Amino acid sequence: MTVSIPDPSRTTGEAVRPTRRALVAGSVGNFIEWYEFGVYGYFATVIAANFFTPEGGNDLEGLVKTYASFALAFFFRPIGAAVFGRLGDRIGRRPVLILVVLLMTAATTLIGLLPTYDTVGAAAPWLLTFLRVLQGLSAGGEFGGAVSIMTEFAPDGRRGLYGAWQSFTVALGLLGGAGVAALLATVLSEQALNDWGWRLPFLLTLPMGLGALWLRLRLEETPAFRGAGDTRGADKQVGGAVAPPLPTPPAAEVARAIVLGAGRIMGWAAAGYTFLVVLPSYLQSTLGASFRQALIATVVANLGFAVSIIPAGWLSDRIGRRPVMLSGAALVAVSAIPLLNLLQDADRSNLVKGVAVFAAGAAVGLMAGPGPAMLAEMFPTRVRYTGLGLAYALSNAVFSGCAGLIITKTIERTGEVDIPAYYTTVTCAISLPALLTLRGDDHRGPLRDGREDGCGDGRGDARGVGR
């Protein structure tokens, strides 16, 4: 006996139309994750003084160690993406997203309660690093689930717009972190900020995390995953014909698609963290800006990033992911060196510098807007959570997590103040050939469920797995 089950790859009918609850619940964890990662970056110099610089130690060396801890957390993201992604592809997006937001909230809140180096000595940096590792694991499981939720609920022809909300909440998280940091820098003395004020942004994660938990407990499972689950061990009738269970693509094909996806977003990863997170400490330690001036510049860059994301996602639904993302990568590659030279010019007005960093953030947004949908379209349902999560985590581990460490250490050794520009230019230039492999019609039609081409028939379609 066969049972007729609606095709989950189609978004017709009220039952599978995305809801506001799904969109908010899918994106709220990203806000918390990137709020915390932004706060850590913005307070990097303060954290370095409290956890990595014993009395009489070198401030720049302490900052390098702070970024090493920052990078270590990113290298645990792929592990989290693999572990939680596998769970998400087996038991569902919803329960795994609940688990990762709990882990992220607990780890971030505990950072705000940690004793410093002056209190417990060498144990302080190790405790901080341990909590950063937990954050890296949970963050690795967040992206794949959130993007799966958003794109699997999205109607055909609107995945770019819905997926862009993931990147938009990243921008909101970074802006939220920068806003809190700027507020504290304004209302507290420098001594109070260094002594205890830096703890407040981390402790604010607790109420935010509880709100995110409440939203995700009310979240429904995606129709695509429900459809895939219904086919395990049973036949499925579609359009009057009996179809076999959704196939799982070969591991080698998944691995190739993950590497390709990571290459496509490496420019986004590197430029995003350089301009949006590392910029404050660079302006302070290299160009002599004050903490408040550096934060203002970062807020302006993040505003440019936020403003362009949703329009970029919407535009990619009209003209395709490839032209929009290629434009962003090319703009960053050609403008990074002039931008940094402008920031280094003491004769330039603050208004001109503000416009420049706003434009830099907007260029990154052209890559970030279509990026989540582009990754989701590379993988069929049975491996989507794992595949897109790993592609994103690997690219961010190498090109985002290491950005602060590479830039700070290289400047320390060479004295070359243009290192951030070289870094973003090279990574975006390398990303361009990978983006050129995108097909012009990738944005059209439903998300793939694995049946379209037999998953690995050797036709070599650049979309990703099995094509």
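FYI, the numbering just counts along the sequence from 1. Values in this document were obtained by computation on a predicted structure and should not be read as measured data. These values consider heavy atoms only, across backbone and side chains, with no hydrogens, waters or symmetry-generated copies.
Sparse packing is recorded around CZ of Arg348, with 12 or fewer heavy atoms of other residues, nucleotides or ligands lying under 6.0 Å away. When the shell of 6.0 Å around CG of Asn341 is examined, it contains more than 12 heavy atoms from other residues, nucleotides or ligands. Crowding of Arg86 atom CZ: a count of heavy atoms from other residues, nucleotides or ligands under 6.0 Å not exceeding 12. Heavy atoms of other residues, nucleotides or ligands lying less than 6.0 angstrom from CH2 of Trp198 number more than 12. Summarising the local packing, CD of Glu190 is surrounded by 12 or fewer heavy atoms from other residues, nucleotides or ligands at distances under 6.0 Å.
The two atoms that bring Pro433 and Ala429 nearest to each other are CD-O, 3.2 Å, heavy atoms only. Contact detail for Leu188 and Gly197: the closest heavy-atom pair is CD1-CA, 3.7 Å.
Note that Arg321 lies outside the cation-pi zone of Trp268, set by a 6.0 Å cut-off to the ring centre and a 45° limit from the axis.
Within the 4.5 Å cutoff, the side chain of Leu394 has no heavy atoms near those of the Val398 side chain. In this structure, Tyr423 and Ile407 have side chains that are in contact, with non-hydrogen atoms separated by less than 4.5 Å. Within the 4.5 Å cutoff, the side chain of Phe358 has heavy atoms near those of the Val307 side chain. Side-chain contact between Ile79 and Phe75: absent, with no pair of heavy atoms (C-beta onward) separated by less than 4.5 Å. Looking at Ile47 and Asn50, their side chains never come closer than 4.5 Å, going by heavy atoms from C-beta outward. No side-chain heavy atom of Gln135 sits under 4.5 Å from any side-chain heavy atom of Leu131. Looking at Met208 and Thr105, their side chains never come closer than 4.5 Å, going by heavy atoms from C-beta outward. A heavy-atom distance below 4.5 Å is found between the side chains of Phe143 and Tyr392.
Classified by interplanar angle (parallel below 30°, tilted 30° to 60°, perpendicular above 60°), the ring pair Tyr35/Phe31 is parallel.
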*Begin from the C-alpha positions of Gln191 and Asp195 and carry the test side-chain contact (heavy atoms from CB on, under 4.5 Å) through to its verdict.*
CA-CA 6 Å; Gln191 184 64 42; Asp195 288 346; 2.9 Å; yes
_What verdict does the salt bridge (Lys or Arg N to Asp or Glu O under 4.0 Å) test give for Glu33 and Arg77, after you've listed the backbone C-alpha separation in whole Å, the side-chain angles of each residue and the deciding distance to 0.1 Å?_
CA-CA 12 Å; Glu33 171 196 341; Arg77 282 188 173 208; 2.8 Å; yes
*Step by step, would you call Arg216 with Val100 a side-chain contact (heavy atoms from CB on, under 4.5 Å)?*
CA-CA 11 Å; Arg216 289 190 170 177; Val100 297; 4.1 Å; yes
*After noting the C-alpha distance and the side-chain angles of Ile265 and Met367, does the key distance pass the side-chain contact (heavy atoms from CB on, under 4.5 Å) rule?*
CA-CA 8 Å; Ile265 66 171; Met367 295 181 279; over 6 Å; no
*Tyr385 vs Val96, side-chain contact (heavy atoms from CB on, under 4.5 Å): CA-CA, chis, key distance, verdict*: CA-CA 10 Å; Tyr385 196 142; Val96 177; 3.2 Å; yes
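For Ser400 (side chain) and Ala269 (main-chain N/O), a donor-acceptor pair under 3.5 Å exists by modelled atom type. Here the side chain of Arg159 pairs no donor or acceptor atom with the backbone of Met150 at under 3.5 angstrom. Ser138 places a side-chain N or O within 3.5 Å of a backbone atom of Leu134 that can act as its donor or acceptor partner. Side-chain atoms of Ser316 never come within 3.5 Å of backbone atoms of Val324 as a donor-acceptor pair (strictly under, hydrogens ignored). Proximity of a side-chain donor or acceptor of Asn30 to a complementary backbone N or O of Gln166 within less than 3.5 Å is not detected. Side-chain atoms of Arg384 never come within 3.5 Å of backbone atoms of Ser148 as a donor-acceptor pair (strictly under, hydrogens ignored).
If you check the side chains of Glu36 and Thr205, you find no donor sitting under 3.5 Å from an acceptor.
Remark: aromatic rings of Trp34 and Tyr273 are close, center separation under 6.0 Å.
Of the residues Thr425, Leu340, Ile337, Leu343, the one that meets the side-chain contact (heavy atoms from CB on, under 4.5 Å) test with Pro420 is Leu340.
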